[in-house]
2 protein chains.
Amino acid sequence: MRAATIENPPPESRTVRPLARPLNALEVEIIDLFVQFSHILGQPKSVAEIYGLLFAAAHPLSMEEMMERLNMSKGSTSQGLRFLRNLGAVKPVYVPGQRATHFEAVAQLRTLAMRFLRDQVLTRLDNSLDRIDHMAALVENLPSEEREQVRARVGMLQSWQKKTRKVLPVVMRTLGA
Amino acid sequence: MRAATIENPPPESRTVRPLARPLNALEVEIIDLFVQFSHILGQPKSVAEIYGLLFAAAHPLSMEEMMERLNMSKGSTSQGLRFLRNLGAVKPVYVPGQRATHFEAVAQLRTLAMRFLRDQVLTRLDNSLDRIDHMAALVENLPSEEREQVRARVGMLQSWQKKTRKVLPVVMRTLGA
DNA sequence: AAATATGTTCATAATAACTTGAACAATCAA
DNA sequence: TTGATTGTTCAAGTTATTATGAACATATTT
């Protein structure tokens, strides 16, 4: 190998975008942990990768840096960032002299849990009270030999609904301490 | 149309399995509610359909009845029942004079939530403590200008871990009342 | 034993979810 | 204004998950 190759790189290499620093061992660990969480929470891996990278970062990152370091497409990165921004898990930060918006992780468990539950759980549950009331009405049409049994079951749904409503505040209190 | 067709059905129709009673309006409502839950919990629709049908039923049902009434394949029904049995959401019931095992829903919110969290959440989280400890060690290898920032983040993960551990008992207490 | 009924397993098919990349805006710099 | 940069959207491709049905095993009845 000639020294010139190192001291005078060929012209075309000057135009090539500088390679992003590969992930270090700690970044890999942290990202991997969030990816594990993402499975439990039913979220796409790409979202977890972005959040993990920002969580492990000492400085805000631009979308392009994330794309390169995670080896992720523009589309996924953009959509993942939107999701995280809407959730409040990530916030835009102005970095002087840099045109692109940079982002940093918002690491507040209580807030994240709250918004996640609201967006992903409660919104899909909001009509269930009406639905259960409707069921209670339908029970009356049943043949008499089934009616009592099923009425009891619908009653359980109502009780489940009440108990579940009590859970959220308690969880928030526990996480917020 | 000749009356004979009605009064004397052709021989082959005698061997056809009697059509299962179609789902009534209330059953459809209840099943649909559980299917909605299944999305939130990340479980297959077939599992929710089976549980919903049993929840709405005044009597235990055999696997074959479920297949017919839900119009579901044998494989899905068998696997869905196994999942529900392992979860404790369904229990086998002996019905005199009937060869096939029948099942009924176990409608205890506290128990169901407990086992679901244990099987689907806690088992996937059990190594996270060790992983975070490992991260704390890796932090020391970082360049000094990043070290403090990232150390703080790893510290947050440890704190999240502790808070999350406190949540489960509190949830159980709230649901069990 | 033979025929029937019950239930499990698993390769394949069908479906749903995620990711990609190219086309398109919008913004900024020269 | 032109060219470069930044960012969004969405159709199409890829991957992961679920459902199906046939083959098999086991138990029950005749």
Side-chain angles (χ1 to χ4, degrees), chain A residues 14-18 20 31 34-53 60-86 90-103 120 124, chain B residues 14-18 20 31 34-53 60-86 90-103 120 124:
Chain A
R14 295 174 188 274
T15 68
V16 169
R17 186 185 311 285
I31 291 169
F34 282 108
V35 168
Q36 208 177 348
F37 293 165
S38 75
H39 279 114
I40 298 173
L41 299 175
Q43 298 312 125
K45 185 173 68 154
S46 59
V47 168
E49 289 174 309
I50 295 170
Y51 187 72
L53 179 62
L61 301 179
S62 70
M63 197 176 113
E64 188 172 13
E65 288 173 296
M66 300 180 214
M67 286 171 55
E68 290 174 348
R69 301 202 64 206
L70 294 172
N71 197 20
M72 182 181 290
S73 74
K74 218 176 187 181
S76 288
T77 313
S78 173
Q79 292 185 177
L81 275 174
R82 171 167 53 189
F83 176 87
L84 289 168
R85 233 169 21 217
N86 290 341
V90 136
K91 75 175 180 196
V93 173
Y94 172 69
V95 175
Q98 302 276 312
R99 180 169 161 194
T101 308
H102 286 54
F103 293 90
Q120 308 294 314
R124 303 176 194 221
Chain B
R14 296 175 186 273
T15 67
V16 168
R17 188 183 310 286
I31 291 170
F34 282 107
V35 168
Q36 209 178 346
F37 293 166
S38 75
H39 280 114
I40 298 174
L41 298 176
Q43 298 312 125
K45 185 173 69 153
S46 59
V47 168
E49 290 174 309
I50 295 169
Y51 187 73
L53 179 62
L61 301 180
S62 70
M63 197 175 113
E64 187 172 13
E65 287 173 296
M66 301 181 213
M67 286 171 55
E68 289 174 349
R69 300 203 65 205
L70 294 172
N71 197 19
M72 181 181 291
S73 74
K74 215 175 189 181
S76 288
T77 313
S78 174
Q79 293 185 175
L81 275 173
R82 171 166 52 187
F83 176 87
L84 290 168
R85 234 172 15 217
N86 290 342
V90 136
K91 74 174 182 195
V93 174
Y94 172 69
V95 175
Q98 301 277 313
R99 179 170 160 192
T101 308
H102 285 54
F103 293 89
Q120 309 293 316
R124 302 174 194 222

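We name chains A, B, ... by the order of the sequence lines, and we start the count at 1 in each one. Below, each value reflects all heavy atoms present in this structure, side chains not excepted, and no hydrogens, waters or symmetry copies.
Between the NE2 atom of B:H102 and the C1' atom of C:dT6 there is a distance of 12 Å, given to the nearest Å. We find that CE of A:M67 is positioned 14 Å from P of D:dT5, with the value rounded to whole Å. Taking atom NZ of A:K45 as the reference point, atom P of C:dA16 lies 23 Å away to the nearest angstrom. For the pair B:M63 CE and C:dT8 P, the computed distance is 6 Å after rounding to whole Å. Atom CD1 in B:I50 sits about 14 Å away from atom P in D:dT18, given to the nearest Å. At whole-Å resolution of the value, CG in A:L81 and C1' in D:dT9 are 15 Å apart.
Out of D:dG7, C:dT19, D:dA19, the shortest distance to the side chain of A:S73 is found at C:dT19. Checking C:dT6, D:dT6, C:dT27 against the side-chain heavy atoms of B:K74 singles out C:dT6 as nearest. Residue A:R99 has its side chain nearest to D:dT6 when only D:dT8, D:dG7, D:dT6 are considered. Side chain of A:Q79, nearest nucleotide from D:dT9, D:dT8, D:dT6: D:dT9. Checking D:dA19, C:dT19, D:dT6 against the side-chain heavy atoms of A:E64 singles out D:dT6 as nearest.
Of the inter-residue distances, the one linking A:L84 atom CG with A:K91 atom NZ reads 14.5 Å to the nearest 0.5 angstrom.
Applying the 4.0 Å criterion to OP1 and OP2 of D:dG7, one finds that A:R85 has every side-chain N and O outside that range. For A:S78, no side-chain nitrogen or oxygen approaches OP1 or OP2 of D:dT9 to under 4.0 Å. For D:dA19, the OP1/OP2 oxygens have a side-chain nitrogen or oxygen of B:S46 closer than 4.0 Å. In terms of phosphate contacts, A:R82 brings a side-chain nitrogen or oxygen within less than 4.0 Å of OP1 or OP2 of D:dT9.
Residues B:M72 and B:M66 fail the side-chain proximity criterion, which asks for heavy atoms closer than 4.5 Å. Counting heavy atoms from C-beta outward, A:Q120 and A:Q43 have side chains that approach closer than 4.5 Å. Side chains of A:S78 and A:M63 form a contact here, defined as non-hydrogen atoms less than 4.5 Å apart.
Residue contacts for A:M72: at a heavy-atom cut-off of 4.0 Å it reaches the sugar-phosphate backbone alone, with no base atom in range. Within 4.0 Å (heavy atoms only), A:T101 reaches sugar-phosphate atoms of the nucleic acid but no base atom.
For the residue pair B:G52 and B:I31, the shortest heavy atom distance occurs at C-CG1, 3.7 Å.
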